[in-house]
Protein chains: 2
Amino acid sequence: MLALIGDKWSAQVLVELGDGPRRFTQLERAIEGVSRRMLTLSLRNLERNGLITRTVYPDAPPRVEYATTALVEEIREPLEALGAWARRAGPAIVAARQAYDIRSPN
Amino acid sequence: MLALIGDKWSAQVLVELGDGPRRFTQLERAIEGVSRRMLTLSLRNLERNGLITRTVYPDAPPRVEYATTALVEEIREPLEALGAWARRAGPAIVAARQAYDIRSPN
DNA sequence: CTGCATCCAGCATGATACTG
DNA sequence: CAGTATCATGCTGGATGCAG
C-alpha cells in the first residue's frame, strides 16, 4: 500500500483527482510546493501502477488530463475515514508531541 | 497522516503491535530488514506522536514493552480495509505494471 | 503546455562499534 | 536487553535548461 502512494506527493495527487479529472498545470498549482519534476515522477508512478489514467488530447497547445481509475474508487471510503481521523486527531497529536518534548528536552 | 507513519517502518511496527504489546527485540526480529537504529527512531517518533506507549520494567535484564494507544484503535478498521484492498488489488497492480512496461520500454 | 535530461547538495539510512 | 554514537554513502529531490 505504502509502496504505491507512500511518497510525499502521490496521495495528494489522488486527493486532487478525487473531484474529477485534472490537467498537469492544475495539479501543479493545486499541490503546494511540488516541483514539476516530482509531479511528473509521481504521475508516472501512479499511472504505471494502474491507479490513474493519462489522456492526451491532440490540441495545440497540448492538453493532458489525469483521472483516477476504478481501483482507486474502491478505497475512497476507508481513505476518507482516515482523512477524517487525521483532522480529528490533529490536536491530540500536537498535544502528545508537546508533552513528549517537555519530558525529553533534547 | 503520512507524516505520522509514512516512513518505511512505522506502519509495520503498528501492524506488529496490533496483536498486543511487543518487546524491542521481538519487533526487531518480526520486521524483516529493519536495523536497530531505524527501529529505535521509528519507535521514538511513534511515541512522540502519541501513537504508541513505551513501558520500562525495572528488571535485570532490562525489559521494555511497546503498545499502541487508543488513538490507533480508532483507525484499525479503515486500516484493515486498506490492507484487504492491497491484498485483493495486488494482481491487478502487477498486471497494470507489466502492461505499462510493455507500452513504454525504457 | 507538458514534460525530460542533467547536475548537484543534503538527508536518510545502513554498518559498525560501544554502553548502562 | 535495549539502546546510543559515529561514520560512510547512496538516493531523493530541487534547480536549471532544453524540447515537442
Side-chain angles (χ1 to χ4, degrees), chain A residues 1-14 16-17 20-49 51-68 100-101 103-106, chain B residues 1-14 16-17 20-49 51-68 100-101 103-106:
Chain A
M1 179 72 193
L2 288 169
L4 298 176
I5 60 163
D7 64 286
K8 194 171 179 186
W9 307 108
S10 293
Q12 287 212 63
V13 169
L14 255 32
E16 290 302 323
L17 294 183
R22 291 290 134 90
R23 303 181 52 174
F24 186 88
T25 308
Q26 284 183 306
L27 291 171
E28 190 182 0
R29 274 193 288 256
I31 302 175
E32 190 90 10
V34 72
S35 65
R36 258 207 281 281
R37 173 190 157 81
M38 288 318 296
L39 182 54
T40 300
L41 291 178
S42 297
L43 289 169
R44 287 294 170 280
N45 202 51
L46 289 168
E47 186 194 2
R48 189 169 110 93
N49 289 321
L51 299 182
I52 67 174
T53 60
R54 177 172 182 273
T55 311
V56 181
Y57 296 91
D59 301 359
R63 191 158 66 90
V64 179
E65 274 194 355
Y66 295 93
T68 57
Y100 181 94
D101 291 344
R103 278 202 308 280
S104 309
N106 306 330
Chain B
M1 179 72 193
L2 288 170
L4 297 176
I5 61 163
D7 65 289
K8 193 172 178 185
W9 307 108
S10 293
Q12 287 211 63
V13 169
L14 255 31
E16 290 302 322
L17 294 182
R22 291 290 133 88
R23 301 180 54 175
F24 187 89
T25 308
Q26 284 183 306
L27 291 172
E28 190 182 0
R29 275 193 287 256
I31 302 175
E32 190 90 9
V34 71
S35 64
R36 256 207 281 283
R37 174 190 157 79
M38 288 317 295
L39 182 54
T40 300
L41 290 179
S42 297
L43 288 170
R44 288 291 174 283
N45 203 49
L46 289 169
E47 186 194 1
R48 189 169 110 92
N49 290 320
L51 299 182
I52 66 174
T53 60
R54 177 173 182 271
T55 310
V56 181
Y57 296 91
D59 301 358
R63 191 158 66 91
V64 179
E65 274 194 355
Y66 294 92
T68 56
Y100 181 94
D101 290 344
R103 279 202 308 278
S104 308
N106 307 331

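Lettering follows sequence order; numbering is per chain, from 1.
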Notebook entry, point to check: Rounded to the nearest Å, what distance is computed from the CH2 atom of residue B/W9 to the C1' atom of nucleotide C/dG14?
Noted result: 10 Å
Checklist line | A/S35 vs D/dG14: side-chain N/O to OP1/OP2 distance below 4.0 Å | finding: yes
Notebook entry, point to check: So which one's nearest nucleotide on DNA chain C is more toward 5', A/E65 or A/R37?
Noted result: A/E65
Margin query: Can you tell me which nucleotide in C/dG14, C/dG3, D/dG3 comes closest to the side chain of A/F24?
Written below: C/dG3
Item checked: Interatomic distance where CZ belongs to A/R54 and P belongs to C/dC1 [whole Å] -> 16 Å
Check: Quick one: A/D7 CG to D/dC11 P, roughly how many Å, whole number?
Finding: 17 Å
Checklist line | Check: B/N45 and B/L51 side chains under 4.5 Å, non-hydrogen atoms | finding: no
Notebook entry, point to check: Hey, does A/Y66 reach any base, or is it just sugar-phosphate, or nothing, if we go heavy atoms under 4.0 Å?
Noted result: sugar-phosphate
Next item on the list: Compare all side-chain heavy atoms of B/Y66 with those of B/L46 and state whether any distance is below 4.5 angstrom.
Entry: no
Notebook entry, point to check: Is there side-chain contact between A/L27 and A/L43, with heavy atoms separated by less than 4.5 Å?
Noted result: yes
Notebook entry, point to check: Choosing from D/dA2, C/dG14, D/dT4, which nucleotide comes nearest the side chain of B/R63?
Noted result: D/dA2
Check: Nearest-Å distance, CE (A/M38) to P (D/dT12)?
Finding: 9 Å
Next item on the list: Identify which nucleotide among C/dG14, D/dT4, C/dC1 has an atom closest to any side-chain atom of B/T40, counting heavy atoms from C-beta outward.
Entry: D/dT4
Notebook entry, point to check: Of B/V64 and A/G33, whose nearest nucleotide on DNA chain D comes first from the 5' end?
Noted result: B/V64
Next item on the list: Round to the nearest Å and state the distance from B/L41 atom CG to C/dG14 atom P.
Entry: 10 Å
Notebook entry, point to check: The side chain of A/R44 lies closest to which of these nucleotides: D/dG3, C/dG3, D/dG14?
Noted result: C/dG3
Notebook entry, point to check: Would you say the side chain of A/Y100 lies within less than 4.5 Å of the side chain of B/N49, judging by non-hydrogen atoms?
Noted result: no
Checklist line | A/V13 side chain reached by A/I5 side chain, heavy atoms, under 4.5 Å | finding: no
Note to self: Could you tell me how far apart B/I52 (CD1) and D/dA2 (C1') are, to the nearest whole angstrom?
What the structure shows: 14 Å
Next item on the list: Check the distance between D/dG14's C1' and A/I31's CD1 and give it to me in whole angstrom.
Entry: 17 Å
Margin query: How many whole angstroms separate atom CD of B/Q26 from atom C1' of D/dC1?
Written below: 12 Å
